[in-house]
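Everything on this sheet refers to the single structure shown next.
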Amino acid sequence: SPIPAGYHWSTVDMQIIMHDSIFAVKDRRRKAQARLEDGHACYGFLDPAGAVAYYMWVTTAHGSLRLVPWELNTQLIIKPRTTYFWDCFTAPDHRRRGLYRAGLRTARNIATEHGAEKGYISCRKENIPSVDAIHSSGFHDLFEFTLRRIGPLVVCKCSTSALSIKLGRPKFNILGG
């Protein structure tokens with residue numbers, strides 16, 4: 001989908017992160033600094049005033065495996081020539097304008113132009129608006145998984161079939177394109 005009128009796509013660098021109010025809550029600035037230092041990239045849409053209306057983190061593994069911060073303080077391993085899109089957020093005043101969908105498509109196109117052969121994103125299955133936007137951005141369901149912490153361990157149960165696994169925990173979809 002085209003970029004919604006009045007917004008422009010931008011790299012979200014540390015200077016923007018340090019000054020934009022969207023990063024002033026939930027320890028986002030500290031996390032963003034660590035992510036940038038680890039080589040992850042942040043992109044987003046800026047509104048006409050230059051404020052971040054939407055952001056997403058993007059990690060591409062070029063020549064070797066890459067680790068990405070993931071659920072329950074674990075890390076996801078991504079293979080070379082693969083991009084993982086994560087931690088997408090739209091500011092409340094900018095929701096329902098197509099920024100998430102346009103951001104996914106824009107970032108996916110950029111990743112492909114830079115050599116990524118596969119792209120993945122995950123979201124909570126019950127987040128229907130997110131699932132719908134992801135599907136309409138060209139991603140499709142690959143499998144479902146459920147995470148459960150058992151003491152110091154995190155157990156991941158996956159399903160590659162239509163059978164759902166229910167443990168009373170959040171269920172996620174992995175979607176790829």
Side-chain angles (χ1 to χ4, degrees), residues 1-17 20 22-23 28-29 31-47 50-71 74-91 94-125 127-145 147 156 158 160 172-177:
S1 56
I3 294 174
Y7 296 93
H8 71 276
W9 182 255
S10 176
T11 298
V12 179
D13 60 18
M14 201 61 212
Q15 182 176 356
I16 293 171
I17 289 167
D20 199 288
I22 200 169
F23 293 98
R28 288 183 184 149
R29 283 197 176 106
K31 288 178 184 176
Q33 182 173 4
R35 291 170 177 182
L36 291 173
E37 289 171 359
D38 285 343
H40 307 289
C42 187
Y43 300 97
F45 286 114
L46 305 184
D47 69 13
V52 177
Y54 163 86
Y55 69 83
M56 69 183 317
W57 287 89
V58 178
T59 302
T60 300
H62 293 287
S64 60
L65 299 175
R66 286 289 313 268
L67 297 175
V68 179
W70 204 43
E71 302 293 332
T74 61
Q75 293 183 317
L76 182 68
I77 300 170
I78 58 171
K79 294 180 181 181
R81 294 177 306 283
T82 302
T83 297
Y84 187 68
F85 308 97
W86 52 289
D87 193 10
C88 305
F89 181 77
T90 305
H94 298 278
R95 293 184 180 159
R96 306 207 41 82
R97 297 180 189 181
L99 295 174
Y100 183 41
R101 181 177 294 111
L104 286 173
R105 287 183 178 173
T106 302
R108 186 174 171 203
N109 290 340
I110 291 169
T112 301
E113 290 170 7
H114 287 93
E117 296 173 359
K118 296 179 182 175
Y120 299 96
I121 186 168
S122 63
C123 74
R124 291 183 184 266
K125 185 174 179 153
N127 186 347
I128 301 302
S130 183
V131 171
D132 289 346
I134 292 168
H135 285 153
S136 69
S137 298
F139 292 85
H140 58 275
D141 293 338
L142 295 177
F143 62 89
E144 292 180 359
F145 67 95
L147 295 175
C156 180
C158 299
T160 56
F172 300 81
N173 284 351
I174 290 284
L175 304 114

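- Not one N or O on the side chain of His94 forms a donor-acceptor pair closer than 3.5 Å with the backbone of Thr90.
- Scanning for side-chain contact (heavy atoms from CB on, under 4.5 Å) contacts around Ile128 gives Asp132, with sequence neighbours left out.
- Atom NE2 of His8 sits in a crowded spot, with more than 12 heavy atoms from other residues, nucleotides or ligands closer than 6.0 Å.
- Residues Met56 and Asp87 fail the side-chain proximity criterion, which asks for heavy atoms closer than 4.5 Å.
- Seen from the ring of Tyr84, Arg66 does not count as a face-on cation partner, given the 6.0 Å and 45° thresholds.
- When every heavy atom of Arg29 is checked against every heavy atom of Asp20, the shortest pair comes out as NH2-O, 2.9 Å.
- With rounding to the nearest 0.5 angstrom, the CZ atom of Phe139 is 6.0 Å from the CD1 atom of Ile121.
- Within 6.0 Å of CG on Leu67 lie more than 12 heavy atoms contributed by other residues, nucleotides or ligands.
- Across all non-hydrogen atoms, the minimal contact from Ile134 to Cys123 is CD1-SG, 3.8 Å.
- Put simply, the side chain of Arg97 never gets that close to the backbone of Pro4: no donor and acceptor are under 3.5 Å apart.
- In terms of the side-chain hydrogen bond (donor to acceptor under 3.5 Å, both in side chains) criterion, Gln75 has no residue partners (sequence neighbours excluded).
- Looking at every heavy atom in both residues, Ala133 comes nearest to Ser137 through O-OG, 2.7 Å.
- When Trp57, Tyr54, Tyr55 are each tested for a side chain to side chain contact (heavy atoms under 4.5 Å, CB included) with Cys88, only one passes: Tyr54.
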Could you give the side-chain donor-acceptor pairs of residues 37-47 under 3.5 Å, partners two or more places apart or in another chain?
unit_1	atom_1	unit_2	atom_2	d
Glu37	OE2	Gln33	NE2	3.3
His40	ND1	Thr59	OG1	2.6
Asp47	OD1	Ala49	N	2.9
Asp47	OD1	Gly50	N	3.0
Asp47	OD1	Ala51	N	2.9

Ile22 vs Phe89, side-chain contact (heavy atoms from CB on, under 4.5 Å): CA-CA, chis, key distance, verdict: CA-CA 9 Å; Ile22 200 169; Phe89 181 77; 3.6 Å; yes
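- Between the NZ atom in Lys31 and the CG atom in Leu36 there is a gap of 14.0 Å [rounded to 0.5 Å].
- By the side-chain hydrogen bond (donor to acceptor under 3.5 Å, both in side chains) test, Thr83 is found to be paired with Thr60, residues two or more places apart in sequence or in another chain being considered.
- Two residues are said to be in side-chain contact when any heavy atoms from C-beta on lie closer than 4.5 Å; Phe23 and Val52 meet this criterion.
- Take Tyr100 and apply the side-chain hydrogen bond (donor to acceptor under 3.5 Å, both in side chains) test, not counting sequence neighbours, and it matches Ser130.
- When all heavy atoms of Phe85 and Gly119 are compared, the closest pair comes out as CE1-CA, 4.0 Å.
- Checked by atom type and distance alone, the side chain of Thr74 never pairs as donor or acceptor with a backbone atom of Trp70 at under 3.5 Å.
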With a 3.5 Å cut-off and sequence neighbours excluded, list the donor-acceptor pairs that the side chains of residues 10-17 form with protein atoms.
unit_1	atom_1	unit_2	atom_2	d
Asp13	OD1	Gln15	N	3.3
Asp13	OD1	Ile16	N	3.0

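- Minimum interatomic distance between Phe145 and Ser122 (heavy atoms only, all atoms of both residues): CE2-CB, 4.3 Å.
- Under the salt bridge (charged side-chain N to carboxylate O under 4.0 Å, His left out) criterion, Arg28 pairs with no residue at all, not counting sequence neighbours.
- Under the rule for a salt bridge (charged side-chain N to carboxylate O under 4.0 Å, His left out), the partners of Arg81 that lie at least two apart in sequence or sit in another chain are Glu117.
- When the side-chain contact (heavy atoms from CB on, under 4.5 Å) test is applied to Thr112, no partner is found at least two apart in sequence or on another chain.
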